Amino acid sequence: MTDKNLTAILYEKDDLRMEDRPIPEPGPGQVQLEMKQVGICGSDVHYWTHGSIGDFVVRAPMVLGHEASAVVSKLGPGVTSLQVGDRVAIEPGVPCRMCNYCKTGRYNLCLDMKFCATPPYDGNLARFYIHDADFCYKLPDHVSFDEGALLEPLSVGVHACNRAGVGLGSTVLICGAGPIGLVNILTAKAKGASFVCVTDLDQSRLNMAKKLGADHTIQVTSRDARVTSGAVEEAVGDKVDIAIECSGAAPSISSAIYATKSGGVVVLVGLGQEIVELPVVNASVREVDIRGIFRYVNCYPTALAMVASGKVNVKPLITHRFKLEESIKAFEAAKKGEGIKIMIECGRER
């Protein structure tokens with residue numbers, strides 16, 4: 001097989017192939033990107049192993065990958081914000097820019113969003129990729145391609161903490177110490193949280209949470225939400241101001257509600273079962289706000305500033321590395337739950 005544009009293509013459930021595709025040409029307002037680093041997200045693995053996520057179903061071959069950094073290799077007509085050779089982070093969702101959601105600043109809710117590696121739109125796990133220039137963010141020289149790719153999950157943390165209202169002195173519970181829980185720790189601490197408590201089933205993940213700045217960790221050993229919330233209250237000395245739920249597990253969501261102060265906020269980040277049973281009366285009578293998030297909006301500049309300033313260090317999240325040619329092997333490792341963040345190097349060896 002030749003390798004003009006080696007690409008990771010998901011044909012259907014359990015059918016991921018490495019194939020060569022033509023190098024795409026940029027249209028008006030777009031740039032051609034020579035891909036550098038692409039991280040594997042849980043959603044990529046889920047599409048591979050299940051063929052769908054909710055209403056998003058893989059019905060035609062789709063390129064995976066959406067946590068990415070690259071170098072601009074060609075400009076489309078009308079592009080003036082970037083130059084060939086610029087190093088960029090790629091915000092993977094491109095909205096219509098014309099609907100009410102877009103015009104009011106909530107473009108993540110745009111009904112015509114084109115999001116990398118979400119059916120029917122291709123992702124960027126390839127040698128070359130085309131993207132709209134205004135959703136490519138130039139990286140300062142001292143910010144690595146690894147860090148550029150990690151701006152995507154970090155932006156989820158930024159959006160969650162913004163929705164939650166994390167600020168100076170906040171006490172925060174983060175449920176789940178997977179990659180998204182970890183970026184929420186980094187973000188909450190950067191935004192001034194005075195105490196961050198983290199829960200998870202896995203002690204090794206809690207150990208990483210501690211390394212990244214968690215003030216206290218709790219290994220969950222009971223499905224009784226009251227038991228877990230009680231342990232949180234004991235650790236913090238009170239109920240928390242804010243709970244950010246990143247696991248999607250029903251008992252964990254209930255624990256988050258019970259552990260949050262009256263008048264506090266619970267933000268639901270993790271996605272699990274479509275329908276879950278929750279203590280809504282408890283939340284209602286105590287005026288605990290329950291808020292959802294969907295990806296992120298206007299968060300990439302903040303995430304980039306956090307990393308570029310040195311306020312946040314995302315590098316420890318990377319535990320495994322593979323070459324683009326080894327993508328299937330990389331996905332096998334991700335499916336087994338190995339490590340935290342698996343990064344794929346897309347550039348050719350010079």
Side-chain angles (χ1 to χ4, degrees), residues 153 156-294:
V156 176
V158 172
H159 188 42
C161 287
N162 284 347
R163 288 278 288 162
V166 177
L168 289 172
S170 297
T171 56
V172 180
L173 168 63
I174 295 174
C175 304
I180 295 302
L182 296 177
V183 294
N184 271 282
I185 296 170
L186 293 171
T187 305
K189 296 300 286 188
K191 288 175 71 68
S194 62
F195 194 94
V196 174
C197 180
V198 182
T199 60
D200 199 283
L201 296 169
D202 188 303
Q203 186 57 49
S204 64
R205 288 189 168 193
L206 292 173
N207 293 341
M208 176 57 75
K210 195 76 172 177
K211 289 179 182 178
L212 292 181
D215 297 286
H216 190 83
T217 61
I218 296 171
Q219 185 173 18
V220 178
T221 57
S222 172
R223 290 186 62 83
D224 188 331
R226 290 282 196 180
V227 170
T228 304
S229 65
V232 172
E233 289 184 53
E234 183 177 353
V236 179
D238 195 357
K239 292 183 184 292
V240 296
D241 301 317
I242 292 160
I244 300 175
E245 209 299 309
C246 301
S247 76
S252 184
I253 300 172
S254 294
S255 295
I257 292 171
Y258 288 136
T260 300
K261 288 179 181 177
S262 297
V265 177
V266 174
V267 174
L268 304 181
V269 182
L271 299 178
Q273 296 173 270
E274 184 177 0
I275 298 175
V276 296
E277 186 175 297
L278 297 176
V280 291
V281 172
N282 179 283
S284 179
V285 299
R286 296 193 302 113
E287 295 191 0
V288 174
D289 290 351
I290 300 174
R291 301 173 185 172
I293 75 160
F294 188 55

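All figures in this text were calculated on a predicted structure; none of them were measured in a lab.
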Compare every heavy atom of [Y] with every heavy atom of [X], then report the nearest pair and how far apart it is.
X      : Y      : answer
Ile257 : Ala283 : CG2-CB, 3.8 Å
Arg163 : Val267 : C-CG2, 4.2 Å
Thr260 : Ala243 : OG1-CB, 3.4 Å
Asn184 : Ala160 : OD1-CB, 3.3 Å
Ala214 : Ile185 : N-CG2, 3.8 Å
Val166 : Ile244 : CG2-CD1, 4.4 Å

### Task
Could you walk me through whether Thr217 and Asp200 pass side chain to side chain contact (heavy atoms under 4.5 Å, CB included), step by step?
CA-CA 8 Å; Thr217 61; Asp200 199 283; over 6 Å; no
Tell me whether [X] contacts the main-chain N or O of [Y] through its side chain, where contact means a donor paired with an acceptor under 3.5 Å.
X      : Y      : result
Ser194 : Gly169 : yes
Lys191 : Leu168 : no
Arg205 : Gly176 : no

Any [X] side-chain heavy atom under 4.5 Å of [Y] side chain:
X      : Y      : value
Asn282 : Val288 : no
Pro153 : Pro179 : no
Val240 : Cys197 : no

Could you give the side-chain donor-acceptor pairs of residues 225-237 under 3.5 Å, partners two or more places apart or in another chain?
from	atom 1	to	atom 2	distance (Å)
Ser229	OG	Ala225	O	3.2
Ser229	OG	Arg226	O	3.0
Glu233	OE2	Lys239	NZ	2.9

